[in-house]
There are 2 protein chains.
Amino acid sequence: MQAAAGMEPDLPARAIRAAGLKVTAPRLAVLEMLRGAPHSSAEDIFAGIRSALPGTSTQAVYGILSAFAAAGLVRRFDPPGSPTRFECRVGDNHHHIVCVRCRAVRDVDCVVGQAPCLQPSDDSGFVVFAAEVTFNGLCKTCQEQAAHTEV
Amino acid sequence: MQAAAGMEPDLPARAIRAAGLKVTAPRLAVLEMLRGAPHSSAEDIFAGIRSALPGTSTQAVYGILSAFAAAGLVRRFDPPGSPTRFECRVGDNHHHIVCVRCRAVRDVDCVVGQAPCLQPSDDSGFVVFAAEVTFNGLCKTCQEQAAHTEV
DNA sequence: GCGGTTGTTTTGACTAATTCAAAACAACTG
DNA sequence: CAGTTGTTTTGAATTAGTCAAAACAACCGC
């Protein structure tokens, strides 16, 4: 499993190894899939890789995603009302817009600078690591469909 | 079911009726419980009221909470990794700190003003209704316990 | 106050999402 | 190339929440 040319540093494999994890076919498939389809759920990913890797199970996917998340390779995101999603955009403090109708997710760069997102006014003794900002809204498609439905 | 004195306007019952819902014993119990114990899960609430109202079921609680949420009487909140919580503080745009260790939840008033919380820089066609800000951190108790555990 | 209508709750079953555990297996080290 | 250790498979179980139909009770109008 070498890169085809010297120009291809085989990023995914390197990233996995750099995280202290062993490089395996299912792990590569999951990471590859996630690069092409961010905000996928475990089930989505399983569906996406099962044709290339028959014999893979959802449990394997869950295990891989847990390992990736623990290693900081992927970020989890729990939209209200739908299963946990995963994405490889990590390290930047970006946020999400969720369509309340079709559950589509879109990335949003940090609202204003980053300070206000990370500094609660009264932390009541808590040590704060990170802030998750989730915007609830309606995507373009659902706006149109909703307009047709109700007046 | 009248208020004992003129001084007691029986707030919970009024709130429920004002929302266009019928006033029932389980609904009063749920609202009462939620006033005393915000950020309770459906299961928590069921456990809290079952002694006073034997014969109540989790399904009843789920139904009541859905009705309340739809009517704007309560607000839902989905902390990552734990079941949906409910609270009666509605209308004010407040946020939450979640302890990643024990899942405790604390209210936080809106970070700075409210404008930055509601205005994504690029909405890519989305209409945004609201922003949920969730701070992840460690509560005081868990900070101490974590300190004992790992140096 | 009483009865009917309509909304609520109960009862019971069911699904989706995720986790746990043990055995089979494969990647990396030396 | 063999051993060690981490990974994946297999299979089952659990948690959180939903759906539907029947029993029931609050509220409106008389």
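This one's a predicted model, so the numbers in the text were calculated from it and none came from an experiment. Naming convention: chains lettered A, B, ... in sequence-line order (proteins, then strands); numbering from 1 in each chain.
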Worksheet item: Are any of the side-chain nitrogens in B:R75 or B:E132 under 4.0 Å away from the carboxylate oxygens of its partner?
Response: yes

Discussion item. Quiz question: by atom type and distance under 3.5 Å, do the side chains of A:D107 and A:H39 form a donor-acceptor pair?
Written reply: yes

Response to the item:
Contacts of A:N136 meeting side chain to side chain donor-acceptor pair (under 3.5 Å) (sequence neighbours excluded), chain-then-number -> none

Worksheet item: What do the steps show when you test B:F77 against B:H96 for ring-ring contact (aromatic ring centres under 6.0 Å, His included), and what is the final call?
Response: CA-CA 9 Å; B:F77 167 59; B:H96 298 105; 4.0 Å; yes

Worksheet entry | Separation of D:dG6 C1' from A:I64 CD1 (nearest whole Å) | 13 Å

Fill in: Atom pair distance, as rounded to whole Å: CD1 in B:I45 and C1' in D:dA16
14 Å

Practice prompt. Rounded off to whole Å, could you give me the CZ-to-P distance for the B:R50 and C:dT10 pair?
Written response: 12 Å

Item to complete: Classify the side-chain pair B:Q145/B:R101 by whether it contains a donor and acceptor separated by less than 3.5 Å.
Response: yes

Practice prompt. Classify every nucleotide of nucleotides 18-30 of chain C by which part a protein heavy atom approaches to under 4.0 Å, writing B for the base, S for the sugar-phosphate alone and - for neither, in 5'-to-3' order.
Written response: BBB------BS--

Practice prompt. Could you check how far CG of A:L65 sits from P of C:dA17, rounded to whole Å?
Written response: 14 Å

Worksheet item: Can you tell me how far the CZ atom of B:F86 sits from the OG atom of B:S41, to the nearest 0.5 Å?
Response: 8.5 Å

Worksheet item: Just how large is the angle between the end axes of the helix from C:dG1-D:dC30 to C:dG30-D:dC1, five pairs per end, to 10 degrees?
Response: 40°

Fill in: OP1 or OP2 of C:dT9 under 4.0 Å from side-chain N/O of B:R27
yes

Worksheet entry | B:R35 atom CZ, over 12 foreign heavy atoms within 6.0 Å | no

Response to the item:
Rounded to the nearest 0.5 angstrom, the CD1-CZ distance for A:I45 and A:R85 is 10.5 Å

Discussion item. Tell me the interatomic distance from B:F46, atom CZ, to D:dT18, atom C1', rounded to whole angstroms.
Written reply: 16 Å

